[in-house]
Amino acid sequence: MSNLRILVATKRVIDYAVKIRVNAAGSAVETANVKHSMNPFDEIGTEQAIQIKEALAKSKTGTAEIVVVSCGPVKSQETLRTALAMGADRAIHVDSDEELQPLAVAKLLRAVVEKEKPDMVILGKQAIDDDSNQTGQMLAGLLNWPQATFASKVELGDKSMTVTREVDGGVETVKTPLPAILTTDLRLNVPRYASLPNIMKAKKKPLAKFTAADLGVDIKPRLQTLKIVEPAKRQGGKIVESVDDLVDKLKNEAKVL
Amino acid sequence: MFAAIRPRLASVVAKPAVLNAVRPRFFSQAAVARSNIASLHTLTEDETLLKESVARFAQEQLLPKVQQMDEAEKVDADVLKGLFEQGLMGIETDAKYDGSESSFMSAILTIEELAKVDPSISVLCDVQNTLVNTLFRKYASDDIKERYLPRLATDTVGCFCLSEAGSGSDAFALQTRAVKDGDNYILNGTKMWITNSGEAEIFLVFANVAPEKGYKGITCFVVDKSMGVKVNKKESKLGIRASSTCTLNFDDIVVPAANVLGEVGKGYKYAIEILNEGRIGIAAQMLGLAQGAFDATLPYLFQRKQFGQNIGSFQGMQHQYAQVAMEIEAARLLTYNAARLKEEGKPFVKEAAMAKLYASQVAEKTASRCIEWAGGIGFTRDFPIEKFYRDCKIGAIYEGTSNIQLQTIAKIVEKQYSS
């Protein structure tokens, strides 16, 4: 294994700690003046790429170049700079102010893959704003590449990777040849902080910009959001005095009997 | 306990004043006169990134160990290592000396974020950056810079040795002597109240080479621990207990003349200038302390109910926390502005003194109120609030007592108004 190129996809989302609210029009979650950061699963993805690079350097079996990409408006560049500050080598911003749904992102990433020809693409398993859990899988389909999703452990071999996946039934280990798609799950690693020296070094790292038109991709949404509402507020519990009272309430109020 | 992080505009801080006044044309929408000056809330993108990174480090690596460090009266080894690894012990140092090559404001933000979680660790980082590193960067020869800055940035703690048993505010009454002996100086004396001295390997020692010249004999020496520095009595303190404060003895220590920092006899000047800057660092520490105490306490006011409502909704409480919130904001603006003035190369001595004085007062008031608001819980050592109250008092004492700050401010004001 000489030089590995790893493409890491990242998304700028509302920070996980923020209490989100539906906007006044009821059409979307309120994003104005709300703290945003890199999708946590994408941080895990960036960290994994850096760990792979460091392992290769330490064992002197090869080198890795980490290219981080984000599709979205100009503010997505903040996310890219965070990834550069963590240790990625260069960044690509696919600039778009339109709504980008997973299929559109997968098509854009396919175009980037055709340009960059990476050996693997790492994505988060899902973004915490839409919870789609589709982009990695769709990208694999479009590229006709193998995919290993919900990764909790990754080992690179000679032009292959062995991935432990967390699935509904437990844990599954798969081996795929490279190039391949990997999507990260929570327990894969603990992302590092951007240390101050790396933040300063990141300023000098290249950041290239493209638009969807440059890449020749049709990003028109295929899904239309009809309505967004907050979940119904939790009602307080009630204490009942007798079994008859309980049955009556279950029948007439909760309507579950 | 999350420090509330308000969203920042990721725009670069504007350079000195250009007022773009546009004359409104008749019959058209009046153009609004607007300067390009950003508010003190604006940080550069790098500063924002750093602030969030340090905040995360503080929450994840520092917070779990705060109580045990306070009880053991010692910095945890992993925490100290973490500070070095994050590049926080050489913030303004050049990259060629393995530093992070960042701005003074970055150091201030770092000190503030650390103090929100533990003021002891914050002062460790503050002394290293604003006193020790800055002295080397500003006054040391290239030889000394090469020998010491990389160590200070990567793995070695330094300390600033000025005070003695008989000289605190009257710093220049120091008694430590340095006698020239060929290519060396022989140092003798005792220093007291030295922050970081428990962990330090590098000591910046102020000693007098010519007492007959008074303060004009004071010289700054770079002393390695291996030259024979004896670290004695570690003070058991009310607050910032994890920060080591020790007495140092120098018994016929041989220091090469090559280790004189800057020029012989100029030590008094260096000390004054450094302390003027270091003041802004302490202001940041006190500011972080106040904010940290506030952030740790306010959520509780909206969880605890008495008489059927959140205690935070009683008007008496509302008036109190509104007042405190205002004072913290004022302390923040004084601190950030002093830092920006220094970065701009403008005079900042008065503003730095004001920032340190005010921030230490706000820290004390805030911590005191926070304990009252949290009631019995505030008074219990199981909860983090009481530590802020113990930690805050040092703010009125070190790096220039509050009375000294008032003197400094008064002298400058007097100069402005007398002829």
Side-chain angles (χ1 to χ4, degrees), chain A residues 10 12-21 29-40 43-44 46-47 50 54 68 70 72-88 91 93 186 189-205 207 236, chain B residues 1-12 41 43-62 81-103 105-107 109-110 113-114 125 129 150 153-154 299 302:
Chain A
T10 61
R12 179 175 181 266
V13 296
I14 294 179
D15 186 83
Y16 76 90
V18 168
K19 282 198 179 69
I20 56 171
R21 277 181 237 287
V29 170
E30 183 62 71
T31 55
N33 288 325
V34 166
K35 180 168 193 271
H36 285 65
S37 42
M38 192 193 298
N39 183 34
E43 278 185 357
I44 294 174
T46 309
E47 171 66 24
I50 299 171
E54 287 175 343
V68 63
S70 192
V74 135
K75 288 201 177 143
S76 297
Q77 291 184 14
E78 291 168 13
T79 303
L80 291 171
R81 270 185 258 277
T82 304
L84 290 173
M86 283 171 73
H93 172 217
L186 192 65
N189 61 48
V190 177
R192 65 194 60 197
Y193 313 105
S195 74
L196 183 50
N198 282 340
I199 292 174
M200 301 311 283
K201 279 190 208 136
K203 292 210 280 214
K204 304 192 186 102
K205 293 182 182 172
L207 197 157
Chain B
M1 320 280 180
F2 268 84
I5 300 172
R6 274 178 295 165
R8 305 275 183 220
L9 296 171
S11 59
V12 180
H41 286 186
L43 303 175
T44 67
E45 205 177 303
D46 288 337
E47 286 166 355
T48 306
L49 209 54
L50 172 65
K51 189 182 149 83
E52 288 177 6
S53 205
V54 177
R56 236 171 106 176
F57 170 80
Q59 284 292 312
E60 293 175 17
Q61 302 284 315
L62 183 49
K81 192 154 161 271
L83 287 176
F84 280 110
E85 280 170 2
Q86 294 299 305
L88 303 178
M89 297 291 263
I91 295 176
E92 294 176 82
T93 303
D94 251 19
K96 73 177 176 199
Y97 299 124
D98 298 331
S100 305
E101 208 165 277
S102 255
S103 64
M105 187 68 187
S106 300
L109 292 169
T110 299
E113 287 302 320
L114 290 173
C125 184
N129 281 289
T154 51
F302 304 104

Derivation and outcome, side-chain contact (heavy atoms from CB on, under 4.5 Å), residues A:Lys35 and B:Glu52: CA-CA 11 Å; A:Lys35 180 168 193 271; B:Glu52 288 177 6; 3.7 Å; yes
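Proximity to chain B is limited to the side chain of A:Ala85, based on heavy atoms less than 4.5 angstrom apart. Contacts between B:Glu60 and chain A at a heavy-atom distance below 4.5 Å involve backbone atoms as well as side-chain atoms. Heavy atoms closer than 4.5 Å to chain B are found nowhere in A:Lys75, neither backbone nor side chain.
Remark: B:Met89 CE to A:Leu196 CG distance equals 13.0 Å, nearest 0.5 Å. A distance of 7.5 Å separates CD1 in A:Ile199 from OG in B:Ser102, rounded to the nearest 0.5 Å.
Summarising the geometry of A:Arg81 relative to B:Leu49, their closest heavy-atom pair is O-CD2, 4.2 Å, with the distance given to 0.1 Å. Closest non-hydrogen pair, B:Ser53 versus A:Ser195, comes out as OG-N, 4.4 Å. Looking at every heavy atom in both residues, A:Pro197 comes nearest to B:Gly87 through CD-CA, 3.6 Å.
Under the 4.5 Å side-chain criterion, counting only non-hydrogen atoms from C-beta, B:Glu45 is not in contact with A:Gln77.
Contact check on B:Arg56 versus A:Glu43 returns a salt bridge, with a Lys/Arg side-chain nitrogen under 4.0 Å from an Asp/Glu carboxylate oxygen.
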